[in-house]
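Worksheet: one structure, shown below.
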Amino acid sequence: MREMPLNEWMKNLGMDRLHKNMDRRRFLHGASKIAGLSLGLALAQSVGGFEVNADPSFSDYPFTLGVASGDPLSDSVVLWTRLAPDPLNGGGMPPHSVPVKWELATDPYFRNIIQRGTELASPELGHSVHVEVTGLKVNHIYYYRFKSGNEISPVGKTKTLPPAGTSVSELKFAFVSCQQFEHGFFTAFQHLAKEDLDLVFHLGDYIYEYGANEYIASTGNVRTHSGPEIKTLMDYRNRYAQYRSDEHLRAAHAAFPWIVTWDDHEVENNYANVIPEKGQSVEEFIIRRAAAYQAYYEHMPLRKSIVRQGADMKIYRDFEYGDLASFFVLDTRQYRDDQANGDKSSPQTAESLDPKRTLMGREQEQWLFGKLDGSKAAWNVLAQQIFFAERNYGTATSPKYSMDAWDGYPAARQHVLDYAKSKQLNNMIVLTGDVHASWASNLIEDFDHPNSRIFGAEFVGTSITSGGNGADKRADTDKILGLNPHIKFFNDYRGYVRCRVTPDRWQTDYRVVPYVSKPGADVSTRASFVFEKNGQGLKQVSTTEVPLGLQLSTEVEEDRNKAHSRAHQKQLEKKGVKVPN
C-alpha cells in the first residue's frame, strides 16, 4: 500500500474546503519589504545566476514571513521561506507551483557563492520552501537568500554542526518557548537576535490557537489575534503569518539555525494524542490536528522527511554536537495517554500512578534509551516541553501536581530515573518550556528522598510573552521552593535561556526583560547557574536585580490554568454551549 501524503490524506477528509472569511486586515510588512528591496539594490551586482524576469509576478512583496534555517547537521542544513504577498489571507498566491531560487554564500554580501539552486513552492504546502543543502563544511557559518520573480528575500545566517564524536571545546546556544502574540511584544527576540550563539532551540507553543482576546494575560492583552479560534489549515496558516509579522521574531530566525519541537498550542491547549481538550469529537479533532501539523511543517525549517502519512508527524529526533553534547528532541504531546484526574491539579491517584500510562509512547521511549545507550558525549540533553522534576504546589499534607506535566505520568518519568540510575549517569540535562516561568532543579534518583544521588539538572525557560509582564517572585514562590528542596531557583519575568557548555561545565543564564506590555525593555541576566558532574548539583554563580520590574506579584501557579479555563469558557459561549457555573 502506498504511503499517502499528508496533504492528500487531509483532502480526502475534506480539508481542502477551507474557511476564506478571515478579516481582510493589511499585514504590517512595510519594514520587511523595504529591507528586501534595499537588499536587492545593494547586492544587485552579486546576484549572479538570479536572472531578472517578470514571471512570476506578485501582488506585493512575497517574502513577508522572512527566512529561517534549521535542523543543522555537520554537512547539511535546511533553508526555509514561504511566499506570502497577502499573508493574513491565506498567502495571496496563485493555485499553482512557483519557482524559488536560492543561494548560499560564505559572506553576507554574496561575493563568494558556493551553492545555488531552484525549488518549487507548491500550493499544497502553502508555497513554503524547504531546501536541504548538503556538501557543506563542518562547523561553518554560511549566509543564504531566496529570489522569486524580481523579488529578493532578506539574508539569513546559519551554521553547520561539528561532526559527531570529534573534539569540541565549547557550545553556545539558547532555548525559547511560549510566545502568545496578544500577551506582549517580542522584545526578548530582539535581544536574542544580537547574541553570539551557535543555534537556538524552540520548545513549543510557537503560536496560540485562541480567538481574539479569549486568553487574557494578567497584565492585559496588548495585541490582538486576527480572527476566531483557529481550526482549519487556512486558519493555522494565517495565525503563523500573524506571528511572523513580528520583526523581532523574523530577526531571531534569520540570525541562527533553529531546532524546533511543538507542544500543545500549535494545535489546542492540553490535547493528548488524538484527544481534544473539550467540546469536540475525536473525529473532528483528528482533522484539526492534521491541519495544525501541516501548518507547523510549512512554517518551520524542518527536513522533508518529517512529513508523514495521514495525521501523524514524527518530530522526535537527535543531533550530535561533536563529542560535547547529544541532543534528544522529544515529542511529549502526540503519543501520550489522556491526562489523569480530569486534567486538574491534584494529588497522585490510582489513575495517575497507573504503570501502564505513557507520555512519550513506547516507540519513542525505546528510541530514546537506545540513543542514550550509544551516546559517548560529555552531556546528554533532553530538549522537550513539560516540567520533568517533581513539583508540588499544594501543601505537604495536600499536595497538588500538574497532570499535564511529567508529574501526571510518574511511571513514565520513573523509566527515565531508573535508566539514569542503572547507567550511573551524571551528565543529563533537561531543557523545558511550557510553564511561563524560569526554574532550575537538581535531578535526583528518588524525589521521595531529597538526599538521593544527583544525576543531572533541569533548566526551565520562561515564556517570550505568555502570561504578560510577570514579576521577580509570585505569592506562592517561597512555599513551592520549600516543598521541593531539589528546586533551586524561580523567576517570573519573560525572556529566554542562554547556555554555555564545555566538556566539564554547563552554565545557564536566565536572560529576562522586566515587561512586555510595551516595547523597548532592556535585557538582564537575572541569575546564572553552573552544573558540574561532581555530584554537588547546581551552583548559583551570579544574581542581578532587574530594574523596572515588579518585585512581587499576587499571582500563584494555579492562575495560569485558570486563565486557560476562562479562555475555553469564552470559546464555548461563542458556540452557544451552556457553561456550568
Side-chain angles (χ1 to χ4, degrees), residues 161-162 164 168-177 197-204 259 261 316-330 332 360 368-369 371-391 405-406 413 415-417 419-421 423-435 438-445 447 452-462 486-489 496-511 527-541:
L161 305 185
V168 176
S169 61
E170 183 182 64
L171 163 65
K172 292 175 290 185
F173 74 94
F175 66 92
V176 298
S177 65
L197 304 173
D198 297 299
L199 68 158
V200 168
F201 287 84
H202 197 292
L203 302 180
I259 296 174
T261 188
Y316 64 85
R317 59 209 191 279
D318 65 301
F319 297 86
E320 298 287 332
Y321 200 89
D323 64 353
L324 185 58
S326 293
F327 289 95
F328 307 102
V329 181
L330 304 185
T332 61
M360 293 188 287
L368 173 61
F369 293 147
K371 288 291 185 178
L372 284 168
D373 279 341
S375 173
K376 295 180 174 58
W379 300 96
N380 289 306
V381 188
L382 308 187
Q384 55 96 59
Q385 299 79 4
I386 52 174
F387 214 108
F388 181 85
E390 184 176 285
R391 183 177 54 131
W406 286 85
R413 178 173 59 200
H415 294 170
V416 180
L417 299 179
Y419 180 90
K421 184 176 182 178
K423 302 295 183 180
Q424 286 294 291
L425 295 183
N426 64 356
N427 65 347
M428 182 172 284
I429 301 293
V430 177
L431 309 179
T432 300
D434 184 56
V435 292
S438 299
W439 305 76
S441 306
N442 285 324
L443 296 182
I444 56 179
E445 290 180 347
F447 289 108
S452 62
R453 190 179 73 91
I454 297 170
F455 68 90
E458 179 178 21
F459 300 109
V460 181
T462 185
H486 53 280
I487 301 178
K488 302 301 181 182
F489 174 71
Y496 55 93
V497 182
R498 183 180 66 192
C499 300
R500 180 177 179 267
V501 185
T502 65
D504 300 315
R505 189 175 190 266
W506 185 294
Q507 178 166 325
T508 292
D509 305 322
Y510 289 93
R511 302 276 284 164
S528 295
F529 284 84
V530 164
F531 183 85
E532 296 174 317
K533 294 173 283 189
N534 55 11
Q536 300 302 305
L538 289 166
K539 178 183 178 182
Q540 185 167 323
V541 294

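Ring to ring, Phe388 and Trp406 are close: their centroids are under 6.0 angstrom apart. Side-chain rings of Phe327 and Tyr321 stay apart, their centers remaining 6.0 Å or farther from each other.
Around CZ of Arg413, the count of heavy atoms belonging to other residues, nucleotides or ligands within 6.0 Å exceeds 12.
For the atom pair SG (Cys499) and OH (Tyr510), the distance works out to 8.0 Å, reported to the nearest 0.5 Å. Atoms CZ and OG1, on Arg500 and Thr508 in that order, are 12.0 Å from each other to the nearest 0.5 Å. Separation of atoms CH2 (Trp379) and CG (Asn427) is listed at 7.0 Å; rounding is to 0.5 Å. The line from CG of Asp504 to CZ of Phe531 is 12.0 Å long, rounded to the nearest 0.5 Å. Going from atom CG of Asp318 over to atom CZ of Phe328 covers 6.0 Å, rounded to the nearest 0.5 Å. A distance of 4.0 Å separates CD1 of Ile259 from CZ of Phe319, quoted to the nearest 0.5 Å.
Between Leu417 and Glu445, the closest side-chain pair of non-hydrogen atoms is not below 4.5 Å. A heavy-atom distance below 4.5 Å is not found between the side chains of Thr432 and Phe175. Considering only heavy atoms from C-beta on, Val501 comes within 4.5 Å of Phe173 through its side chain. Between Leu368 and Met360, the closest side-chain pair of non-hydrogen atoms falls below 4.5 Å. Between Trp439 and Arg391 there is a side-chain heavy-atom pair separated by less than 4.5 Å. Lys371 is not listed as a side-chain neighbour of Asn380, based on a closest heavy-atom distance of 4.5 Å or more.
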Exercise for the section: Carefully, step by step, assess Leu171 and Leu199 under the rule side-chain contact (heavy atoms from CB on, under 4.5 Å). Expected result: CA-CA 9 Å; Leu171 163 65; Leu199 68 158; 3.5 Å; yes
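With sequence neighbours excluded, the residues forming a side chain to side chain contact (heavy atoms under 4.5 Å, CB included) with Ala527 are Phe489, Phe529, Gln540, listed by chain and number. Here Ala389 pairs with Phe387, Ser441, Leu443, Phe447, Glu458, His486 under the side chain to side chain contact (heavy atoms under 4.5 Å, CB included) rule; sequence neighbours left out.
Considering every non-hydrogen atom in both Ser177 and Asp434, the closest pair reads OG-N, 3.8 Å. Shortest non-hydrogen contact noted between Pro503 and Ser169 is CD-O, 3.5 Å. Considering every non-hydrogen atom in both Glu170 and Leu324, the closest pair reads C-CD2, 3.6 Å. Minimum interatomic distance between Asp373 and Tyr419 (heavy atoms only, all atoms of both residues): OD1-OH, 2.6 Å. Residues Thr261 and Leu330 share a closest heavy-atom pair of OG1-O, 2.9 Å. The minimum heavy-atom distance linking Ser452 with Ile444 is given by the pair OG-CB, 3.4 Å.
Put simply, the side chain of Asn442 gets close to the backbone of Leu538: a donor and an acceptor are under 3.5 Å apart. The closest donor-acceptor contact from the side chain of Asn534 to the backbone of Gln536 lies under 3.5 Å. Judged purely by atom type and a 3.5 angstrom limit, Asp198 uses its side chain to pair as donor or acceptor with the backbone of Lys172.
With 3.5 Å as the limit, one finds no donor-acceptor pair spanning the side chains of Gln384 and Thr332.
Pairs of residues two or more places apart, or lying in two chains, never qualify as salt bridge (Lys or Arg N to Asp or Glu O under 4.0 Å) while including a residue from residues 529-540.
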